[in-house]
Amino acid sequence: RRETIDGLLREHGFKAKAAVGWNDFLQGNAQLSLTVGNLEKGLSLIDPSIAVITEPQLYGERAAQRRRRIAASRDPETILRSLGELKVGDPVVHEDYGVGRYLGLQTIDVGEGPTEFLMLEYAGGDKLYAPVLSLHLISRYTGTDPEHAPLHKLGNDSWEKAKQRAREKAHDAAAELLEIYALRAARQGRAFPKHDEQYQAFADAFPFEETPDQARAIDDVIRDMETEKPMDRLVCGDVGFGKTEVAMRAAFMAAHNGTQVAVLVPTTLLASQHYQNFCDRFAGLPFRVELLSRFRTNAEQQKALVDLQEGRIDIIIATHRLLQDDVRFKNLGLVILDEEHRFGVRQKERLKKLRAEVDILTLTATPIPRTLNLALAGLREISLITQAPEGRVAVKTFITPGDKSIIREACLREIRRGGQVYYLHNEVRTIERVARELQELLPEAEIRAAHGQMPERELERIMLDFYHQRFNVLLCSTIIESGIDVPSANTIVIERADKFGLAQLHQLRGRVGRSHHRAYCYLLVPEGNAMTTDARKRLEAIASLEELGAGFMLASHDLEIRGAGELLGESQSGLIDEVGFTLYSELLERAVRTLKAGGTLNSEIDTPNDCEIDVHAPALLPEDYLPDVHLRLVLYKRIAGAKTAEELTALKEEVIDRFGRLPEAAERLFQVAGIKLLTKPLGMRKIDAGPKGARVEFAAKPNVDPSKIIALLQSAPRRYRLDGPNRLRIVEDMPEVENRLHALRALLEKLGAASTAS
């Protein structure tokens, strides 16, 4: 905060002295000084004549740096667009020049001291040096696999054509999306009052303490349900992080207000577990909870359908059977979707119709790209639960060849500590043979097999026996992917892990580690070159993201590895591969904002305006101040991407808090970034400020009132001059960089006050 106040004073022409203590201050003849001390309130003395003003008097509260940093790191947009994992050779997208390869950060002295640039290589070996303050135009390329990224050639129009095609597609997609969401917004939704006493009693019955993230997600959902606008919220949290409790609070709100709740899950086993959990949680309350799945007889299913139509069931938990045409509700108010990506296209179409009618709450551990993108494009609300419950530890993951000694050691270690093992073999026709081989390898273990082609009753009995610890090794297919929660099962062995998708591996690993014990996941892979490049990358991604709460990062990894796939049900993957998923997402966001503001494709608002600023002095984070290249890259991206002066100030305070007082070049970097923010609404292309004056070059259609520029020229004709139709000059000796920055800020503030409305 001291550095922030110092910068603020300098901007207004005051130079404050840094004082270590009172003596230092008094020896300096009591001039304007800044110091750090433990004072909450200021004071005024007559002799000596001193006024002391404290930070709480200026800001109203102490700086809460740690909380702000945690919040920033949890922001989904920051997570997805961070350049922190960028390696030399990775493809990136520059909005003005297209797809190139990142070759690292390079410090170049262009005559006025060192400046840091991002070095990019394009087709034909062409190099581009991008200034660090242009990093908001650069994003990671996520489309086809990195080796085959379509590098562009500098100096031709192929990139502009590709970007225009992508803009048109994004515009069409945004129009279709907005039609769906306009239907929701136009329709009068149903507000669910909270009834504080009853709701509080239900909340207090939760046997655990909510994590801060979980409490925030619950508050978000309750707030959505209390308004008349129909809810469409995505709650993304790792397996076992407490998404179910969020759903139960929402279900209570809807049922308590006399409407029905439908909980849709992808598998019968998960439906059974949810049914049990809901029955336990709602025990003693006047709500009827019912299950509709193939574990129920036909007669039981028919009775449930009749009761549902007549309003005798308050909460129904079911698989996609609930989406069939013979299902009728008396008064449906809320649909809770668990793992939406597991439902097929036709079921999603049925859900799309439901979306325009009722409140929707989606729960997921790994959001699929489409869901993720809709959340980021402002068309769906998103809540992240990234904090593990108290006492949980991350699952240790090993990638290893399927050696018998490793399998035996892994299983015996778990059995001997009183635990249970999942052994996943995903071929039903050979599962009995594998059961015999496993029994020979582990004579100490009791092994049972379970798969989706078994009769329902038998499958249910085996799963319940495993839950009650009647045997210790479950040989199974992927039927356990969204299966029941077994806290005592803390080792999973997955055969041919290279054949599974990233989201699937993450889900399967989430079957273990549901208690306070350390859990282990063994990914068995073939030796030699039997694995594809994509499979190897999937396994590296899952092993590198061991920490709890990795689901969100996995979703963005998944994008890179398997391509962005189909967006909105129409095949747009070719275009997404061409411009990269991140840029496509940004184009879609801009199209949505433009259409919401009543604009057209040719009047796109909020396009990035990149003004090149040169103050002929070093402006960078020096290597001796911040040696870690990845960290510098992330901070450069955040500085360049700051949207407001407040955001920039908060970031500056965070950097000082983490790494110490800013060197001169780093201080200047923040000052130049602040000036760049002032240029954005004005439409400027370039600013060059040197010892002999400054030159400002405007874009083709600047957003400045011409009469105000004329008034500026008339008020100080010797200082301001026009140099051609789109250039303005400041004629003044400015030997000190401080003078140049002050003059530019003063000019931009005058022009800003005079800018026309966008």
Side-chain angles (χ1 to χ4, degrees), residues 7-8 10-13 95-96 110-113 115 117 129-137 605-620 639-645 648 665 667-758:
L8 204 60
R10 283 172 187 273
E11 280 173 27
H12 291 84
E95 182 150 351
D96 292 341
V110 288
E112 291 90 10
T115 306
F117 294 87
Y129 294 90
V132 289
L133 282 178
S134 296
L135 268 177
H136 60 294
L137 297 175
I605 61 167
D606 206 23
T607 52
N609 172 43
D610 189 41
C611 178
E612 190 184 322
I613 299 174
D614 187 358
V615 293
H616 295 267
L620 74 163
I639 293 166
K643 290 184 171 65
T644 63
L648 198 61
E667 176 67 51
R668 201 170 293 127
L669 178 74
F670 277 99
Q671 288 175 318
V672 173
I675 286 171
K676 199 164 185 171
L677 279 176
L678 293 174
T679 68
K680 185 170 182 188
L682 301 174
M684 291 176 177
R685 188 176 290 141
K686 191 173 182 181
I687 294 177
D688 192 316
K692 298 290 181 186
R695 189 172 75 248
V696 176
E697 188 179 322
F698 291 94
K701 292 181 181 177
N703 187 30
V704 179
D705 186 344
S707 65
K708 299 291 183 180
I709 293 185
I710 293 165
L712 185 74
L713 296 170
Q714 289 172 343
S715 67
R718 292 190 176 184
R719 190 170 192 227
Y720 299 113
R721 288 185 198 165
L722 274 180
D723 184 11
N726 64 341
R727 286 196 187 98
L728 179 68
R729 289 185 66 187
I730 302 175
V731 185
E732 187 183 326
D733 280 343
M734 298 186 286
E736 299 295 321
V737 183
E738 202 79 24
N739 304 133
R740 296 169 214 168
L741 293 166
H742 189 66
L744 287 177
R745 188 172 283 279
L747 170 67
L748 293 169
E749 282 172 353
K750 284 176 188 172
L751 292 177
S755 67
T756 56
S758 296

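Since we're looking at a predicted model, the values are computed, not measured.
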K.L.:
Residues two or more places apart in sequence or in another chain: which of them pass salt bridge (charged side-chain N to carboxylate O under 4.0 Å, His left out) with Glu612?
P.N.:
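Counting only residues at least two positions away or on another chain, Glu612 forms no salt bridge (charged side-chain N to carboxylate O under 4.0 Å, His left out).
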K.L.:
So, using side chain to side chain donor-acceptor pair (under 3.5 Å) as the criterion, who are the partners of Glu738 when residues are at least two apart?
P.N.:
none
K.L.:
Could you please spell out the steps behind the side chain to side chain contact (heavy atoms under 4.5 Å, CB included) verdict for Glu95 and Ser134?
P.N.:
CA-CA 10 Å; Glu95 182 150 351; Ser134 296; over 6 Å; no
K.L.:
With sequence neighbours left out, what residues match Leu713 under side chain to side chain contact (heavy atoms under 4.5 Å, CB included)?
P.N.:
Ile709, Tyr720, Leu722, Leu728
K.L.:
Who passes side chain to side chain donor-acceptor pair (under 3.5 Å) against His742, sequence neighbours left out?
P.N.:
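Here no residue qualifies.
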K.L.:
Going through the distances and angles, do Asp688 and His616 end up as a side chain to side chain contact (heavy atoms under 4.5 Å, CB included)?
P.N.:
CA-CA 8 Å; Asp688 192 316; His616 295 267; 2.6 Å; yes
K.L.:
For Thr644, give me all partners under side chain to side chain contact (heavy atoms under 4.5 Å, CB included), at least two apart in sequence or on another chain.
P.N.:
Glu646, Glu647
K.L.:
Throw together a table of side-chain donor-acceptor distances under 3.5 angstrom for residues 689-699, partners on residues two or more places apart or in other chains.
P.N.:
{"residue": "Glu697", "atom": "OE2", "partner": "Arg685", "partner atom": "NH1", "Å": "3.4"}

K.L.:
For Pro618, give me all partners under side chain to side chain contact (heavy atoms under 4.5 Å, CB included), at least two apart in sequence or on another chain.
P.N.:
Pro114, Leu620, Ala665, Arg668
K.L.:
Find out whether Leu133 and Ile613 are in side-chain contact, i.e. whether some heavy atom of one side chain is under 4.5 Å from a heavy atom of the other.
P.N.:
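No; the side chains remain at least 4.5 Å from each other.
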K.L.:
Only counting residues at least two apart or in another chain, list the ones meeting side chain to side chain donor-acceptor pair (under 3.5 Å) with Thr115.
P.N.:
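Result, side chain to side chain donor-acceptor pair (under 3.5 Å) vs Thr115: none returned.
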K.L.:
Please step through side chain to side chain contact (heavy atoms under 4.5 Å, CB included) for the pair Val615 and Gln671, ending with a clear verdict.
P.N.:
CA-CA 11 Å; Val615 293; Gln671 288 175 318; over 6 Å; no
K.L.:
Could you pull out all residues at least two apart from Arg729 that satisfy salt bridge (charged side-chain N to carboxylate O under 4.0 Å, His left out)?
P.N.:
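Salt bridge (charged side-chain N to carboxylate O under 4.0 Å, His left out) list for Arg729, sorted by chain: empty.
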K.L.:
Please determine whether the number of non-hydrogen atoms from other residues, nucleotides or ligands lying under 6.0 Å from atom CZ of Arg745 exceeds 12.
P.N.:
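Correct, the count exceeds 12.
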K.L.:
Quick one: side chain to side chain donor-acceptor pair (under 3.5 Å) partners of Arg719, sequence neighbours excluded?
P.N.:
Glu732
